[in-house]
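Note that ligands are numbered from 1 as they come in the structure, with each ligand's atoms numbered from 1 the same way.
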Amino acid sequence: MAEIIAILNQKGGCGKTTTAVNLSAALAQFGRKVLVIDMDPQGNATMGLGVDKRTTERTIYDVLTGDISMGGAIIGTEMSGLDVVPSNISLSGAEIELSKEVGYHTILDMALDGVASSYDYIFIDVPPSLGILALNSLVAADSVIIPIQAEYYALEGMADLMNTIHLVETRLRSPAPIKGILITLYDSRTRLGREVYSNVKEYFGQTENIFKTTIPRNVKLAEAPSFGESCITYDEESSGAKAYLKLAEEIIQLEGTEDNK
Ligand code: ADP
Ligand code: MG
């Protein structure tokens with residue numbers, strides 16, 4: 001059964017999509033079967049994995065509205081072992097439409113039932129808000145990775161995020177523990193980078209796992225999506241690719257040690 005991991009932070013630009021794409025590709029490189037669910041109407045993960053969001057016919061929107069099954073929306077990528085369920089702007093109407101459904105927060109969770117046994121990992125790229133799409137992602141997820149950009153205000157909004165995770169656990173009885181906090185866009189040479197790192201440690205260090213791997217700022221990570229590729233295939237020797245490969249190893253080391261599967 002796949003471990004379903006939501007990549008979550010309501011802050012835009014903190015590296016959610018970059019992490020969804022590159023961590024998935026890195027795990028596929030290590031032989032894992034991985035599916036990326038693009039839950040963001042911007043469709044950046046879709047494009048980043050080489051699927052054209054403007055022309056793709058079956059998207060996560062059609063799955064959530066019940067028109068097709070999850071299996072019917074899966075598209076293979078150039079990389080073996082790495083698939084994607086695409087998204088595009090059509091998903092932006094879903095928040096309102098879905099809110100009229102009974103049990104609307106469980107729609108993604110149920111839709112994933114049919115495909116979870118075919119993968120080792122399913123990553124959900126969550127949009128930057130704590131709305132219905134994020135709620136569906138949290139209910140579906142076994143755990144959460146929170147990317148945090150090493151910048152001032154990195155922890156702003158964190159209380160809301162923690163509160164949402166907590167409410168999903170207590171009110172919906174669907175716990176999604178934090179698998180790890182991931183420091184992104186990190187530069188250990190700057191004082192700011194080091195300061196943010198120590199703030200994050202102070203905030204989470206006692207209670208949550210902070211991944212040992214940090215993701216450096218690396219232009220290759222920003223370039224790769226314009227070629228419809230992860231950095232793992234675009235430039236495996238880049239510091240960005242190496243960091244995500246290291247993170248994948250860290251995650252592989254956790255396999256079998258957690259009881260939340
Ligand atoms: P989010 O999905 O959280 O909004 P993205 O992953 O889309 O964030 O990242 C925001 C922007 O920053 C994108 O243009 C992306 O290419 C770039 N970016 C993300 N992580 C890095 C990194 N480690 N180094 C350089 N650029 C990055
Ligand atoms: Mg994104």
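When non-hydrogen atoms are compared, ligand 1 lies under 4.0 Å from neither the backbone nor the side chain of Pro147.
Of the polar atoms of Thr17, at least one N or O is found under 3.5 Å from an N or O of ligand 1, judged by distance alone. Polar contact with ligand 1: present for Cys14 (N/O pair, distance under 3.5 Å). Considering both main-chain and side-chain atoms, Pro225 never comes within under 3.5 Å of ligand 1 through any nitrogen or oxygen pair. At under 3.5 Å, not a single nitrogen or oxygen of Gly12, backbone or side chain, sits near a nitrogen or oxygen of ligand 1. For ligand 1, the polar-atom distance check against Thr18 finds a nitrogen or oxygen pair separated by under 3.5 Å. Residue contacts with ligand 1: Thr19 is placed with no nitrogen or oxygen under 3.5 Å of a nitrogen or oxygen of the ligand (distance criterion only).
In terms of modelled atom types and a separation under 3.5 Å, the side chain of Asn9 and the main chain of Pro147 share a donor-acceptor contact.
Using a cutoff of 4.0 Å between basic side-chain nitrogens and carboxylate oxygens, Lys179 and Glu3 are scored as salt-bridged. For the pair Lys220 and Asp235, the salt-bridge criterion is met [side-chain N within less than 4.0 Å of a carboxylate O].
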Passes salt bridge (charged side-chain N to carboxylate O under 4.0 Å, His left out), Lys201 versus Glu208? Steps please.
CA-CA 9 Å; Lys201 269 211 157 130; Glu208 310 292 351; over 6 Å; no

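For a distance bound of 2.8 Å, the N, O or S atoms of Gln42 include none lying that close to the Mg ion (ligand 2).
Using a 4.0 Å threshold on non-hydrogen atoms, atom 12 (O) of ligand 1 does not count as touching the protein.
Each of the following atoms of ligand 1 lies closer than 4.0 Å to a heavy atom of Pro216: 22 (C), 23 (N), 24 (N). Near Ile215, the atoms of ligand 1 lying under 4.0 angstrom from a non-hydrogen atom of the residue are 23 (N).
Ring pair Tyr197/Tyr186 is tilted by interplanar angle, where 30° to 60° counts as tilted.
At a threshold of 4.5 Å between non-hydrogen side-chain atoms, the residues Leu161 and Ile146 count as touching.
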